[in-house]
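Data first, discussion second: the structure below is written as structure tokens.
Everything numeric in this text was worked out from a predicted model, so none of it was measured.
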Amino acid sequence: FVTEDAGEAGGHLRERGNEFGTTTGRPRRCGWLDLVAARYAVMLNGIRKIALTKLDVLDELAEIPVCVGYRYRGRRYEEIPADLRGLEEAEAVYETVPGWQTDTRGALEYGDLPAEARSYVERVERALEVEVVVVSTGPRREETIVRGERIVGGWSS
């Protein structure tokens, strides 16, 4: 988990996102968006559309780190290394994107999101070459933005 943040920022993500085991109550490991791992998952699984959850967890942040590569033994990689053992020693290479510092919880229309939040979603789309068709803006099921007309029917097309 190259982008795991065991410090204060990871704790903030854990608290805001209520990332604790349902049965055990143990704190879950939290970290930043890892575009390297996400691109790999997209490629392996033929993913064309995704859901981006917990956008509201980022609401209070002035800047949001996004992992765009790994540094391993002095070299930069933008793809998952063939030798996965290298991930244990890899360090995340981050770019920061502007945060929105505005409450998005409960937004139901994409246009209701702050420009910076929409920019974040669109950055994910460009980086992964997929459509973000669902954006969750809160813990309740109804706190969901649906983008596009055909979600379920178009998941695999």
Side-chain angles (χ1 to χ4, degrees), residues 1-22 24-102 104 107 110 113-139 144-145 147-148 151 154-157:
F1 189 6
V2 178
T3 64
E4 180 176 8
D5 190 318
E8 186 177 325
H12 174 78
L13 295 174
R14 183 177 304 107
E15 291 294 325
R16 282 275 300 169
N18 195 30
E19 292 294 343
F20 298 92
T22 304
T24 65
R26 282 189 301 232
R28 294 185 180 131
R29 298 167 64 190
C30 293
W32 303 105
L33 174 61
D34 184 339
L35 290 174
V36 177
R39 265 195 310 272
Y40 188 64
V42 163
M43 185 259 315
L44 281 180
N45 296 289
I47 296 169
R48 299 172 61 102
K49 299 179 183 194
I50 64 170
L52 184 61
T53 62
K54 298 198 175 212
L55 187 71
D56 57 297
V57 170
L58 305 174
D59 284 353
E60 298 174 346
L61 303 175
E63 292 184 325
I64 302 165
V66 176
C67 177
V68 296
Y70 300 149
R71 189 164 319 286
Y72 174 64
R73 294 188 178 173
R75 289 189 56 204
R76 180 175 166 158
Y77 296 87
E78 294 183 4
E79 296 180 352
I80 296 284
D83 182 358
L84 293 179
R85 291 175 291 189
L87 289 177
E88 294 175 12
E89 298 175 35
E91 295 179 16
V93 176
Y94 290 106
E95 289 181 3
T96 56
V97 298
W100 41 94
Q101 296 183 293
T102 302
T104 62
Y110 190 66
L113 294 175
E116 295 86 353
R118 291 191 311 268
S119 178
Y120 181 82
V121 171
E122 292 157 15
R123 172 128 167 55
V124 171
E125 287 181 317
R126 285 190 307 277
L128 302 182
E129 298 179 356
V130 299
E131 290 179 77
V132 174
V133 294
V134 173
V135 179
S136 77
T137 59
T144 302
I145 296 170
R147 298 175 69 210
I151 294 176
W155 280 109
S156 61
S157 61

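Judged purely by atom type and a 3.5 angstrom limit, Glu131 has no side-chain atom pairing as donor or acceptor with the backbone of Lys49. In this structure, Thr137 contributes its side chain and Ala107 its backbone to a donor-acceptor pair below 3.5 Å. A donor-acceptor pair is defined here as one N or O able to donate and one able to accept, closer than 3.5 Å; no such pair exists between the side chain of Arg16 and the backbone of Leu58. When atom types are taken as modelled, the side chain of Arg71 and the backbone of Glu91 share no donor-acceptor pair closer than 3.5 angstrom. At distances below 3.5 Å, not a single donor-acceptor pair connects side-chain atoms of Asp34 with backbone N or O atoms of Cys67. In this structure, Ser136 contributes its side chain and Thr144 its backbone to no donor-acceptor pair below 3.5 Å. At distances below 3.5 Å, at least one donor-acceptor pair connects side-chain atoms of Arg39 with backbone N or O atoms of Glu78.
Residue Asn45 holds its CG atom at 12.5 Å from CD1 of Ile50, rounded to the nearest 0.5 Å. The line from CD1 of Ile64 to OG1 of Thr96 is 9.5 Å long, rounded to the nearest 0.5 Å. Expressed to the nearest 0.5 Å, how far OG1 of Thr104 lies from CG of Leu113 amounts to 6.5 Å. Atoms CZ and CG, from Phe1 and Leu87 in turn, are 12.5 Å apart once rounded to the nearest 0.5 Å. Going from atom CG of Leu52 over to atom CG of Leu33 covers 7.5 Å, rounded to the nearest 0.5 Å. Between atom CZ of residue Arg14 and atom CZ of residue Arg29 there is a gap of 10.5 Å, rounded to the nearest 0.5 Å.
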Practice task
Verify side chain to side chain contact (heavy atoms under 4.5 Å, CB included) between Val68 and Arg76, making sure each step is shown before the conclusion.
Solution key: CA-CA 10 Å; Val68 296; Arg76 180 175 166 158; 3.4 Å; yes
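Pairing each heavy atom of Val93 with each of Tyr70, the nearest pair is CG2-C, 3.8 Å. Heavy-atom minimum distance, Ala38 versus Leu128: CB-CD2, 3.7 Å. For the pair Thr102 and Pro114, the tightest heavy-atom approach, listed with the atom from each and the gap, is CB-CG, 3.9 Å. Across all their heavy atoms, Thr3 and Ala92 have their closest contact at CG2-CB, 4.1 Å. When all heavy atoms of Trp32 and Ala9 are compared, the closest pair comes out as CZ2-CB, 3.7 Å. Considering every non-hydrogen atom in both Gly138 and Asp56, the closest pair reads N-OD1, 3.2 Å.
Two residues are said to be in side-chain contact when any heavy atoms from C-beta on lie closer than 4.5 Å; Glu88 and Tyr72 fail this criterion. With a 4.5 Å cut-off on side-chain heavy atoms, Leu61 and His12 count as touching. The shortest side-chain heavy-atom distance between Leu55 and Trp100 falls under the 4.5 Å cut-off. The shortest side-chain heavy-atom distance between Asp5 and Leu13 does not fall under the 4.5 Å cut-off. Between Arg123 and Glu95 there is a side-chain heavy-atom pair separated by less than 4.5 Å. In this structure the side chain of Val36 never reaches within 4.5 angstrom of the side chain of Tyr77, judged on heavy atoms.
The local environment of CZ in Arg75 is sparse, with at most 12 non-hydrogen atoms from other residues, nucleotides or ligands closer than 6.0 Å. Heavy-atom contacts from other residues, nucleotides or ligands closer than 6.0 Å to CD of Glu122 number more than 12. No more than 12 heavy atoms of other residues, nucleotides or ligands shown are found within 6.0 angstrom of CD on Glu129.
Under the 6.0 Å distance and 45° angle rule, Arg147 counts as a cation-pi partner of Tyr110.
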